[in-house]
Engineer: 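Once you've had a glance at the structure underneath, I'll fire off some questions.
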Amino acid sequence: RPFAVLDIGSSKICCMIGEADGIGGVRLLGHGTHASTGIRTGEVSDLDALSTAIGKTVQSSEREAGISVQSATVVVPGGKPVSGIYKQSLSLSDAVVHRRDIDRLMARDDATTVPPSYQPMHLQTLQYGLDEVRGIADPRGMRGTLLSVDYTKVCGLRTSLANFREALALNHLETERFLHAGYASGIACFNHEER
């Protein structure tokens, strides 16, 4: 299904609507850009002004795409992000790794690693391990008894993210997830082999 990404910056706001092309890429259906207002030093300074700018940006991209969206992934510059590297592991119920095993492993993320007044923004897997073997990119279909993962977790200030979420809600949009702008910029600079 089509999805939307909303990039909120201090100078401009961009919205892109796309859909998977079926061969591992993304087809751009529509995009919109508007001058940013209501945001200062990466944080919401005027909720109504930011909400209006978001609404105009999303409407512009919806017109170009010919569809409307109800939710978006939001890229934000604020939230005073903190990050850390963590590890989780679980014993496999059978000898072959399935998608459900990876999902169970990632669901075991330890909530005690989130600082007070913060909430998780996103997780990024670094590598998987099976028993004593490390450095596995995708363990599905492989055999072993103990599956582990090393991952990075980025957290943002709960109050900051709540205000960005409210700016979307005023436009009847749900926030699917948050990404920090610094993280998104870094990923955009790397090619597939460097990630």
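Predicted, not measured: the structure shown is a model, and the values here were computed from it.
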Engineer: Determine the minimum heavy-atom distance between Ser60 and Gly32, stating which atoms define it.
Structural biologist: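 Nearest heavy atoms, Ser60 then Gly32: OG-CA, 3.7 Å.
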
Engineer: Determine whether a donor-acceptor pair (N or O, by modelled atom type, separation under 3.5 Å) exists between the side chain of Lys80 and the backbone of Ser160.
Structural biologist: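 Side chain of Lys80 to backbone of Ser160, a donor-acceptor pair under 3.5 Å: no, none is there.
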
Engineer: Say whether Phe164 and Val75 are linked into one hydrophobic cluster, either directly or through other cluster members, by side-chain heavy-atom distances under 4.5 angstrom.
Structural biologist: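 No, separate clusters.
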
Engineer: Quick one: does Thr113's side chain get under 4.5 Å of Tyr86's, heavy atoms only?
Structural biologist: yes

Engineer: Please report the shortest heavy-atom distance between Ala65 and Ile17, naming the atom on each side.
Structural biologist: CB-CD1, 4.1 Å

Engineer: Are the side chains of Gln59 and Asn171 in touch, meaning some heavy atoms are under 4.5 Å apart?
Structural biologist: no

Engineer: For residues Thr37 and Ala53, report the shortest heavy-atom separation together with the two atoms involved.
Structural biologist: OG1-CB, 3.8 Å

Engineer: NE2 of His172: more than 12 outside heavy atoms within 6.0 angstrom?
Structural biologist: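 No, not enclosed.
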
Engineer: Asp21 and Gly24: which non-hydrogen atoms are nearest, and at how many Å?
Structural biologist: OD1-N, 3.4 Å

Engineer: Under 3.5 Å, side chain of Ser61 to main-chain N/O of Val58, donor-acceptor pair present?
Structural biologist: yes

Engineer: Counting heavy atoms not belonging to His31, are there more than 12 under 6.0 Å from its NE2?
Structural biologist: no

Engineer: Between Asp150 (side chain only) and Lys87 (backbone N and O only), is there a donor and an acceptor less than 3.5 Å apart?
Structural biologist: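 Looks like no, no N/O pair under 3.5 Å.
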
Engineer: Short question: side chain of Thr57, backbone of Cys15 - any donor-acceptor pair under 3.5 Å?
Structural biologist: no

Engineer: In this structure, would Met106 and Val97 fall into the same cluster of hydrophobic residues linked by side-chain contacts under 4.5 Å?
Structural biologist: yes

Engineer: Is there a path from Leu157 to Leu161 through hydrophobic residues (I, L, V, M, F, W, Y) whose side chains come within less than 4.5 Å of each other?
Structural biologist: no

Engineer: Applying the 4.5 Å side-chain criterion to the ILVMFWY set and letting contacts propagate, would Phe3 and Val69 be lumped into a single cluster?
Structural biologist: no

Engineer: Within the 4.5 Å heavy-atom criterion, are Asp7 and Ile13 side-chain neighbours or not?
Structural biologist: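 Side chain of Asp7 against side chain of Ile13, heavy atoms only: no contact under 4.5 Å found.
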
Engineer: Is it possible for you to say whether Tyr118 and Tyr183 belong to one hydrophobic cluster, with membership spreading through side-chain heavy-atom contacts below 4.5 Å?
Structural biologist: no

Engineer: Just wondering, more than 12 heavy atoms not from Glu174 lying within 6.0 Å of its CD?
Structural biologist: no

Engineer: Check Arg100 with Asp103, please: is the shortest side-chain N to carboxylate O separation under 4.0 Å?
Structural biologist: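 No salt bridge links Asp103 with Arg100.
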
